[in-house]
Amino acid sequence: MKVAKFGGSSLASAEQIKKVSDIITADQERKFVVVSAPGKRNDEDTKVTDLLIELGETFLENGSAEDTLQKVVARYRSIADGLGLSEDIVKTIEDDLRSRLAYDTSNSGRFMDQIKASGEDNNAKIIARYLQSIGFIADYIHPQEAGLLVSDTPGNAQILDEAYEHLYTLRERDGILIIPGFFGFSKEGRLVTFPRGGSDITGSIVAAGVQAELYENFTDVDSVFAANPTVVDSPCSIKRMTFREMRELSYAGFGVFHDEALIPAFKSNIPVCVKNTNNPSASGTMIINEREYAMNPVIGIAADKGFSTIYVRKYLMNREVGFGRRLLQIIEDEGVSYEHIPSGIDDTSVILENDQLTPEKEDRIIHRILHELGADDAYIEKDFAMIMLVGEGMHETVGIAARATKAISEQDVNIEMINQGSSEVSLSFGIHDADVDKAIRGLYEEFFSTKEVLQ
Ligand code: ASP
């Protein structure tokens, strides 16, 4: 049995949903189908989830949001019309949206979760209805009925272990099961969404729960590329890669997958295949536990902007017991998480995402570091990017760092920080935001210019 997950661009219109239905029904093993909300039909379009966020926020502000509600209903109406479904499903969707707007607004996070989740929920209902209308046995499955239990943390759900046992029982059900992605339910019965892009997480959880032999993730590219195709001209396709490699790449900016999404499939040893809804015969990218890496130790280059560095210098810091803990405590007290902590003897930097900071938090953090930790110097630098070279083969290959730093220096880009985890599956460089594209091109040229087929 396979789990197939379809992303928003695969389900953005009636025409796309017809393609998806052809894919589902072409293989009897595709029994579990996880769907996103309708995405963009073109570059100027708006994703339904973004419309829903606008709907919820406008409603919270003004107590009504009729225009936006009508925009959402119009998206579903055009899908239902194109699929030849009757108006009553559109009416059901409109009623559903109105009843969600009547939900308690005193906790805005919970209210927003109700509204956001309707995107996938209503799309799943439409798709199940369409499959039935063309003669297939198909059912919409509500995540609560499926036992998809999650933590009670609005907008940031984490799966609870017992959910997997519940999901396993879905194997007994007949026909094709259409499950909305992006949300689950807490033990108290509250709807809770995963972070943005979280339908991938649902897909992976369902694959682990039903112990699928394959988790197919359908998107709008033929495969995962070794570098961002908007930066590098026709980058190579990756045919096979490991979970760790994909996790590192998606963490560092590869948009193909949500970076948390692979963990459930990985833990259950279920291979994942990234495929293209618009070209389903292309073989896609397989993500597996192990690969041969003799051909190319580096599999991809990713980059992400929007980091800040808290730089701290204190003479003899290395000899002071508990300095690191106390520094991180200050950051924890502000509710901020960090990404990396590269250190020298008398100085250390804490790298974190810009959007977790506010001017007030920054002032408090720097003030405490200077006064409570007695640092000689402390300041925050912005507009920092992390560029990451990823590949399982790196730990067995001498000279990767030398080649990478040379390639970056040849682009006249200054490296501010270098970090290599002990697993040696990735090597990251901190550089200025403005230099990212140049550095990616330089690294790509160095590691991929021979265009060998990646194994
Ligand atoms: N619709 C949600 C989002 O746009 C979840 C998803 O599509 O994965 O973030």
Taking side chain as C-beta onward, heavy atoms only, is [X] less than 4.5 Å from [Y]?
X      : Y      : result
Leu11  : Thr277 : no
Leu357 : Asp355 : no
Leu249 : Met241 : yes
Leu214 : Cys273 : yes
Met112 : Pro154 : no
Asn122 : Arg75  : no
Leu97  : Ser118 : yes
Phe182 : Asp121 : no

What residues form a salt bridge (charged side-chain N to carboxylate O under 4.0 Å, His left out) with [X], not counting sequence neighbours?
X      : result
Lys275 : none
Glu260 : none
Glu339 : none
Glu362 : Lys382

Indicate yes or no for a side-chain donor-acceptor contact from [X] to the backbone of [Y] under 3.5 Å, with no hydrogens or angles considered.
X      : Y      : value
Asp113 : Thr193 : yes
Gln356 : Ser337 : yes
Asp139 : Ile141 : no

Which residues pass the side chain to side chain contact (heavy atoms under 4.5 Å, CB included) test with [X], not counting sequence neighbours?
X      : value
Val436 : Ala303, Lys305, Ala385, Ile431, Ile440
Lys267 : Ile263
Lys361 : Glu334, Val336, Thr358, Arg364
Asp437 : Val231, Arg441

Requested in this report: Give the C-alpha distance, both sets of side-chain angles, the deciding distance and a yes or no for side chain to side chain contact (heavy atoms under 4.5 Å, CB included) between Ser133 and Leu85.
Outcome: CA-CA 8 Å; Ser133 77; Leu85 301 177; 4.0 Å; yes
Query raised in the report: Would you call the rings of Phe266 and Phe243 parallel, tilted or perpendicular if under 30° counts as parallel and over 60° as perpendicular?
Result: tilted
Requested in this report: Just say parallel, tilted or perpendicular for the rings of His142 and Tyr140, cut-offs at 30° and 60°.
Outcome: tilted
Query raised in the report: Does the distance from a Lys or Arg side-chain N to an Asp or Glu carboxylate O, for Asp95 and Arg100, drop under 4.0 Å?
Result: no
Query raised in the report: Is the shortest distance from a Lys or Arg side-chain nitrogen in Lys91 or Asp88 to a carboxylate oxygen in the other one below 4.0 Å?
Result: no
Report summary line: Heavy-atom nearest pair, Ala37 first then Asn123, reads C-ND2, 3.7 Å
Requested in this report: Give a yes or no on whether the ring-centroid distance for Phe6 and Phe218 is below 6.0 angstrom.
Outcome: yes
Query raised in the report: Between Phe384 and Phe307, is the ring centre distance below 6.0 Å?
Result: no
Consider only side-chain N and O atoms of [X] and [Y], and report whether a donor and an acceptor are under 3.5 Å apart.
X      : Y      : value
Glu290 : Thr242 : no
Gln16  : Ser10  : no
Asn269 : Asn289 : yes
Thr309 : Glu381 : no
Asn228 : Thr230 : yes

Query raised in the report: Which residue pairs pass the side-chain hydrogen bond (donor to acceptor under 3.5 Å, both in side chains) test with at least one member in residues 157-168, sequence neighbours excluded?
Result: Glu162-Lys187
Report summary line: So side-chain hydrogen bond (donor to acceptor under 3.5 Å, both in side chains) across residues 202-217, not counting sequence neighbours, yields Arg30-Glu216, Asp200-Asn217, Tyr215-Asn217
Query raised in the report: With sequence neighbours left out, which residue pairs that include part of residues 53-70 fulfil the salt bridge (Lys or Arg N to Asp or Glu O under 4.0 Å) condition?
Result: Glu54-Lys71, Glu66-Arg98
Query - Pairwise salt bridge (Lys or Arg N to Asp or Glu O under 4.0 Å) hits with a residue in residues 144-159, at least two apart - result: Arg110-Asp152, Glu145-Arg173, Asp152-Arg190
Would you compute the distance between atom [atom1] of [X] and atom [atom2] of [Y] and round it to the nearest 0.5 angstrom?
X      : Y      : atom1 : atom2 : answer
Ile17  : Leu83  : CD1   : CG    : 5.0 Å
Arg368 : Asp363 : CZ    : CG    : 13.5 Å
Glu87  : Thr92  : CD    : OG1   : 9.5 Å
Ile79  : Glu15  : CD1   : CD    : 12.0 Å
Leu101 : Leu60  : CG    : CG    : 9.0 Å
Thr58  : Ile115 : OG1   : CD1   : 10.5 Å

Requested in this report: List the steps and the verdict of side chain to side chain contact (heavy atoms under 4.5 Å, CB included) for Ile137 and Ile176.
Outcome: CA-CA 6 Å; Ile137 302 173; Ile176 304 164; over 6 Å; no
Report task. Apply side chain to side chain contact (heavy atoms under 4.5 Å, CB included) to Leu327 and Val350, showing your working. Result -> CA-CA 9 Å; Leu327 171 62; Val350 183; 3.9 Å; yes
Query raised in the report: Crowded around Tyr338 OH? As in, over 12 foreign heavy atoms under 6.0 Å?
Result: no
Query raised in the report: Taking everything shown except Ile134 itself, do over 12 heavy atoms lie less than 6.0 Å from its CD1?
Result: yes
Query - side chain to side chain contact (heavy atoms under 4.5 Å, CB included) evaluation trace for Phe59 with Phe111 - result: CA-CA 10 Å; Phe59 189 87; Phe111 173 78; 3.6 Å; yes
